[in-house]
Amino acid sequence: MAEPVTLFGGGPGQSEALRRLEAVLFASAGPLTEEALAARLPEEDNLSHRLRQLQTIYANRGINLVEVADGWAFRTAGDLAYLMTAERVAERRLSRAAMETLAIIAYHQPVTRAEIEEVRGVAVGKGTLDILLETGWVRLRGRRRLPGRPVTFGTTAAFLDAFSLAAITDLPGLDDLKGAGLLEGTPPAGFSVPIPRDDDALDADEDPLDADDGDDAPAL
Amino acid sequence: MAEPVTLFGGGPGQSEALRRLEAVLFASAGPLTEEALAARLPEEDNLSHRLRQLQTIYANRGINLVEVADGWAFRTAGDLAYLMTAERVAERRLSRAAMETLAIIAYHQPVTRAEIEEVRGVAVGKGTLDILLETGWVRLRGRRRLPGRPVTFGTTAAFLDAFSLAAITDLPGLDDLKGAGLLEGTPPAGFSVPIPRDDDALDADEDPLDADDGDDAPAL
Amino acid sequence: MSEDPPHLRLVDDFEDPPRTPLEDDDMLHVDVAGFEGPLDLLLALARRNQVDLMKIQILPLAEQYLAFIKRAKDLRIELAADFLVMAAWLAFLKSRLLAPDENDGGADGEELAEDLAFRLRRLEAMREAADALFARPRLGLHLFARGAPEVPIIHEEKSYKGSLYELLSAYGTVRQVELARDTKMEKRPVFSLVDARRVMERIVGGHAEWLPLEALIAAMPSHESRRAVIASTFGAALEMAREGKISVRQSAPFAPLYLRSNGMDGAETNKDG
C-alpha cells in the first residue's frame with residue numbers, strides 16, 4: 001500500500017499555493033485548463049510544477065487529480081469506482097387487474113389468455129401478463145392443442161413462496177371462500193372453484209412449448 | 001501555517017478505510033449522514049472515529065471536512081472564499097424583515113404566523129413567508145391545535161447546510177437566549193424553556209398537515 | 001383597554017425603509033415612516049438612551065414615546081393607527097405606574113411594564129440573532145461544495161409484493177360476478193335527539209353540580225354508534241341551553257364541556273366558548 005506521504009511539508013508559501021489550487025479544482029464544475037487556473041490564481045508562478053506536486057500528493061488517495069482532455073479535475077480513484085454504484089431494491093405492488101389475472105392463473109392453471117378473459121369478463125392487456133412474468137410468479141407451461149396453439153400459463157414455486165403457500169392445493173376452495181366472506185350469495189348450478197395444480201406434467205390437451213418459445217419474447 | 005501532517009500513516013487497512021470514506025464524501029455535493037455513509041461503506045466498523053481522523057487530516061487544507069446538517073461534507077476552506085468568484089451564486093438579498101422572520105422561525109420553531117407577528121410587533125408581510133419557503137430554508141411543519149388550526153413553520157436541512165450548522169442546537173447564541181428566557185412565550189412564562197427543534201416529530205399540540213396542504217398554496 | 005400591549009398591525013414594507021437614526025436629543029427627525037411599527041420605534045428610543053436593555057425603564061420610555069407622537073402630531077405628520085393605539089396604551093400604563101390602583105387586581109402596572117420590557121428585549125435579541133445567523137459562513141458565498149459531484153449509479157432491482165388476502169379477494173371479485181347477489185341496505189345508526197334529551201333531563205335535572213358532557217355520553221343507553229350518541233347528546237344540550245334549562249361552560253377551545261341544571265330559576269343562560 002501507499003507509502004506515508006508527508007503533505008504540505010514545504011514552506012508556508014508552498015502550503016498556501018497548494019491549498020488554493022486544490023480548493024479551486026474542488027469547487028469547479030468542470031475540468032480547468034492551465035490557462036483557466038492561471039487566470040484564477042494570478043500569484044501562482046509555477047502552475048505546471050504545482051499541479052504535478054498536487055497530483056503526487058493525491059496519487060494514493062481516494063480521489064486522484066487527473067489530467068483529462070480539457071484540463072485538470074479531481075476524480076474518484078479507479079479502484080474505488082465500485083463505491084459509486086448502489087444496489088437498490090424497489091418494492092412494488094401489483095395493480096388490481098394484475099392481481100385478478102394472477103388469481104385466475106393460480107386457480108385455473110393451466111390456462112390460456114382467452115380463458116382468463118372469459119373468467120374475468122374483460123380483455124387482459126399484454127402488459128399485465130408481461131408484468132406477471134416479470135414477477136417470476138407466472139410461467140409459460142405449454143401450448144393448448146387448439147387452433148392457434150395458444151400458450152398456457154401456470155404459477156411457479158416463487159409464487160408459492162411469495163404468498164406463503166406450502167402447496168398450490170392450499171388455496172382455499174369454494175366453501176372456504178364463502179366462509180371468509182370473499183364470495184357471497186348462492187352459486188348457480190355448475191359453478192365451481194377448480195382445485196389447482198401447478199406440477200410440470202402436461203394436460204392431455206397440452207403440448208410442450210416450442211423450441212423457440214424464448215422467455216424473452218413469448219408469443220402470448 | 002500547518003504543521004506537516006503525515007497522511008495515511010497507519011496500516012494498509014486504515015489507509016484503505018480512509019481512502020474509501022474520502023472518495024464517497026468527495027463525490028457528493030451535499031452532506032451525507034452517518035447512516036448514509038454506513039449504508040455506502042458497510043465494512044466500516046468505526047465510522048465516527050474515521051470521520052474525525054479525516055477531519056483532522058484535512059483541517060489545514062484548501063478543502064475541509066465539515067459537520068453540517070446532521071451529516072458530513074467537504075467544503076472549501078473559508079479563507080479561500082475570495083478565489084471562488086466563478087462559483088459564487090448570486091446572493092439572494094433578503095429584506096431585513098425576512099431575515100428577522102427567518103431568525104424567529106429558527107429559534108422559536110415550531111412557530112405559527114401569529115407567534116412571529118407577536119415577536120416582531122408587526123404583521124408579517126404577504127411575501128415574506130413565501131420568499132422564505134421559496135429559499136427552501138423554511139417548511140410547513142404541521143398545524144397547531146388551536147382555533148383556525150394555524151400552520152406551524154420550521155427550518156429545513158437545507159437551512160442548516162446553507163448556514164454551516166451541524167444541528168439546529170448549534171444556532172448562534174442559543175444558550176444565552178434560553179438562559180435569558182427570551183425563547184419562552186410572553187410572560188407569565190410557561191414551565192419549561194422550549195428548545196428549537198427541526199425534526200419531523202410533531203409537538204403535542206401539533207397536528208400533521210392536511211393532505212391538501214400543497215407546497216404551492218399553503219393556507220397560511 | 002386590553003391588558004396586553006395593543007396588537008400591533010402594520011404591514012412591513014418589503015423595500016426596507018431605512019431606520020431613522022435617533023441621534024438628536026430634541027428628536028428633530030420625527031419620521032415614523034422608517035419604523036416597522038410602534039414596537040420598533042420604542043426599541044429605537046430605548047436603545048438611544050440605554051445600552052443595557054436588561055434595565056429598560058419603561059416610565060421614561062413611555063414619556064419619550066408620547067413626546068415623540070405629540071411632536072409628530074404638531075408637525076401634522078400622519079401617523080398610522082398602531083402608533084396612536086400604542087400611545088394611548090402607554091398613557092394608560094403611565095397612569096398605572098404613577099398611581100397604582102389597589103382595588104384593581106387585573107392590571108398591575110409593574111407587570112404590564114415588565115411585559116413590554118420583555119417584548120423589547122426579545123425583539124432586540126431576535127434582531128441580533130438574525131445578524132449572527134447571516135454573519136455565519138454561508139454555502140455558495142463563503143464555502144463551496146464539490147463543483148462536479150459524482151452521482152452514484154443506482155441499479156434498481158424490482159421486487160414485487162402481494163398478500164394472500166389480496167390474491168383471494170381479487171379472485172372473489174372476479175368470480176362474484178357469476179353469483180346472484182343479495183343486497184342489503186345498511187341501516188344508518190341513529191340515536192334520536194328525543195332519547196338523548198329524555199336521559200339528559202333525568203340526569204342533569206337531578207344534579208346541582210357541573211357535569212362533564214363525557215359523563216352524560218357515557219350514561220346514554222348503549223348504542224352501536226358512539227358518534228351518533230355524541231352528536232345527539234350535544235344537540236340536546238344546545239337545545240336545552242337555548243331554552244334556559246341548563247348552562248353550558250367551556251374553559252378553552254377544545255376543552256371539555258360542562259353542563260349544569262339551572263334549577264327553578266331557569267332564566268340565566270350562560271354559554272361561552
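Chain letters run A, B, ... following the sequence lines, proteins first and then strands; every chain starts at 1. Treat the numbers as computed from the prediction; the structure is a model and nothing was measured.
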Contact summary for B/Glu16 and A/Leu80, nearest pair of heavy atoms: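 Closest heavy-atom pair between B/Glu16 and A/Leu80: OE1-CD2, 4.4 Å.
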Considering all heavy atoms, the nearest B/Arg19-A/Ala77 contact: NH2-CB, 3.4 Å
Value rounded to 0.5 Å, distance of CZ in A/Arg40 from OG1 in B/Thr85: 5.0 Å
Pairs involving residues 34-59 of chain A, ordered by first then second residue, that meet ring-ring contact (aromatic ring centres under 6.0 Å, His included) (sequence neighbours left out): A/Tyr58-A/Phe74
Crowding at CD, A/Glu118 (>12 non-hydrogen neighbours, <6.0 Å):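 No, not enclosed.
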Residue-level contacts of residues 23-34 of chain B with chain A, using a heavy-atom cutoff under 4.5 Å: B/Ala23, B/Val24, B/Phe26, B/Ala27
Among A/Leu21, A/Thr76, A/Leu41, A/Asp79, residue most engaged with chain B (heavy-atom pairs, under 4.5 Å):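 With the most close heavy-atom pairs to chain B, the winner is A/Asp79.
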